[in-house]
Amino acid sequence: MGDRRRRILPGFGLTMGFTLFYLSLVVLIPLTALLLRTSAMTWEKFRAAVTDPRAIASYELTFGASLFAALVNLVCGFLVAWVLVRYTFPGRKLIDALVDLPFALPTAVAGVTLTTIYAPHGWLGRPLEAIGVHAAYSRLGVVLALTFVGLPFVVRTVQPVLEGLDPAMEEAAPSLGAGRLQTFRRVILPVAAPAAVTGFTLAFARAVGEYGSVVFISGNMPMRTEITPLLIVTKLEQYDVAGATALAVVMLVFSFAMLLVVNVLQAAARRRAGGS
């Protein structure tokens, strides 16, 4: 209250009021409507809807594939950001622009493209089939689609941090006797870890809610390659609105809980980086 510094935007009361109004309109009211719709169900019906074996299988695939894809993007996205920041080579700006392509590309287009490439007779699907790897219409296809849509989140969060890291610090470490692994662990990782965790969180959250790019390449086989967002759409097409909202509530609770855990880990990483 005692902070009287001049601000660019109008006073705290007006901006805070707009913030609460906007968040309520865009986030809180739709989520509240979802919870109210579900509250009309009896507990027995709700439990039957969310613990159906088909629903359990879809949870395992959705969250498992999303977690695996986010971990892949955490490692590979870090390397992509490192190459773009630390090296100068022909076509660097083109590759830098390609990273954002999953952001701009409609998810349905991404799904059709990935399915065409990884289908048994596609450019990449044919050689994979030759060695016994089935990419399209399998769980691997789901992971490929989720990895595709999540890559930019890690690259774009880690890249500015690496650009701000003085290369002289990396060059000084070997002169003091540090090896490559020790330099990475003691100099680079403490600075880049919070941004990497943020990118991992965003990639995971995007993957959990992804639909368009997965629906084509997964094959949508119940109990095998069916993701929860697709099961929700299926129930809506069957006029089972209560069952669809029950699954949506489960997705909401799981996603919020996992994001909360990751945010706690992210805060711990920031404190550790600040204290190192």
Side-chain angles (χ1 to χ4, degrees), residues 17-71 106-108 110-111 137-143 145-147 149-150 153 200-266:
F18 176 79
T19 299
L20 294 176
F21 170 75
Y22 188 73
L23 287 177
S24 299
L25 188 66
V26 175
V27 180
L28 293 180
I29 292 178
L31 294 182
T32 302
L34 175 67
L35 296 174
L36 288 176
R37 180 79 184 190
T38 308
S39 66
M41 301 175 65
T42 63
W43 169 248
E44 288 74 18
K45 288 185 177 179
F46 178 81
R47 188 177 62 178
V50 301
T51 57
D52 181 78
R54 185 176 173 183
I56 298 294
S58 73
Y59 302 149
E60 292 175 352
L61 177 61
T62 300
F63 289 101
S66 298
L67 181 62
F68 188 79
L71 289 173
T107 56
Y137 317 124
S138 68
R139 295 192 170 200
L140 176 59
V142 177
V143 173
L146 298 182
T147 304
V149 299
F153 293 96
F200 168 81
T201 306
L202 294 174
F204 175 75
R206 169 64 191 277
V208 167
E210 181 61 20
Y211 175 79
S213 63
V214 179
V215 70
F216 295 103
I217 197 171
S218 67
N220 307 323
M221 290 174 280
M223 306 295 293
R224 293 182 59 191
T225 62
E226 186 180 50
I227 58 173
T228 305
L230 175 64
L231 183 56
I232 293 173
V233 173
T234 302
K235 287 185 175 293
L236 289 175
E237 291 175 346
Q238 296 170 348
Y239 303 104
D240 184 8
V241 179
T245 53
L247 293 178
V249 168
V250 172
M251 292 285 288
L252 175 65
V253 172
F254 279 6
S255 300
F256 183 76
M258 297 194 75
L259 288 176
L260 189 63
V261 170
V262 173
N263 281 335
V264 170
L265 295 176
Q266 185 181 353

Minimum side-chain heavy-atom gap Phe200-Phe153 below 4.5 Å:
no
Using the six-membered ring wherever Trp is involved, compare the ring planes of Phe18 and Tyr22 and label them parallel, tilted or perpendicular (cut-offs 30° and 60°).
parallel
Got Thr234 and Arg54 here, is their nearest side-chain heavy-atom distance under 4.5 Å?
yes
Thr51 side chain reached by Phe46 side chain, heavy atoms, under 4.5 Å:
no
I need the Thr245 OG1 to Ile232 CD1 distance, nearest 0.5 Å.
9.0 Å
So Ser66 and Glu210, do their side chains get closer than 4.5 Å, heavy atoms only?
no
Out of curiosity, Asp240 CG to Leu231 CG, how far, rounded to the nearest 0.5 Å?
9.5 Å
Gap between atom CZ of Arg224 and atom CG of Leu61 - 0.5 Å precision
11.5 Å
Looking only at non-hydrogen atoms, find the nearest pair between Ala49 and Ala246 and report the distance.
CB-CB, 4.0 Å
Say you draw a straight line from CG of Leu67 to CZ of Phe63; how long is it, rounded to the nearest 0.5 Å?
10.5 Å
Compare every heavy atom of Arg139 with every heavy atom of Met223, then report the nearest pair and how far apart it is.
O-NH2, 3.8 Å
Tightest non-hydrogen contact, residues Ala203 and Gly150, listed as CB-O, 3.6 Å
Report yes or no: do Ser218 and Thr225 form a side-chain donor-acceptor pair below 3.5 Å?
no
Go through Glu60 and Ile56 one step at a time and tell me if the side-chain contact (heavy atoms from CB on, under 4.5 Å) criterion holds.
CA-CA 6 Å; Glu60 292 175 352; Ile56 298 294; 3.8 Å; yes
Is Tyr59 close to Leu247 at the side-chain level, that is, under 4.5 Å between some pair of heavy atoms?
yes
Closest approach of Ala55 and Ser58, non-hydrogen atoms and distance?
O-OG, 2.6 Å
Looking at every heavy atom in both Ala108 and Phe216, which two are closest together, and how far apart are they?
O-CE1, 3.8 Å
Taking atom CG of Asp52 and atom NZ of Lys235, what is their separation to the nearest 0.5 Å?
6.0 Å
Backbone N/O of Thr62 and side chain of Thr228: donor-acceptor pair under 3.5 Å
no
Kindly check if the number of other-residue, nucleotide or ligand heavy atoms within 6.0 Å of OH (Tyr211) is above 12?
yes
Ile217 to Val142 - nearest heavy-atom pair and separation
CG2-N, 4.4 Å
Gap between atom CG of Leu20 and atom CG of Leu25 - 0.5 Å precision
12.5 Å
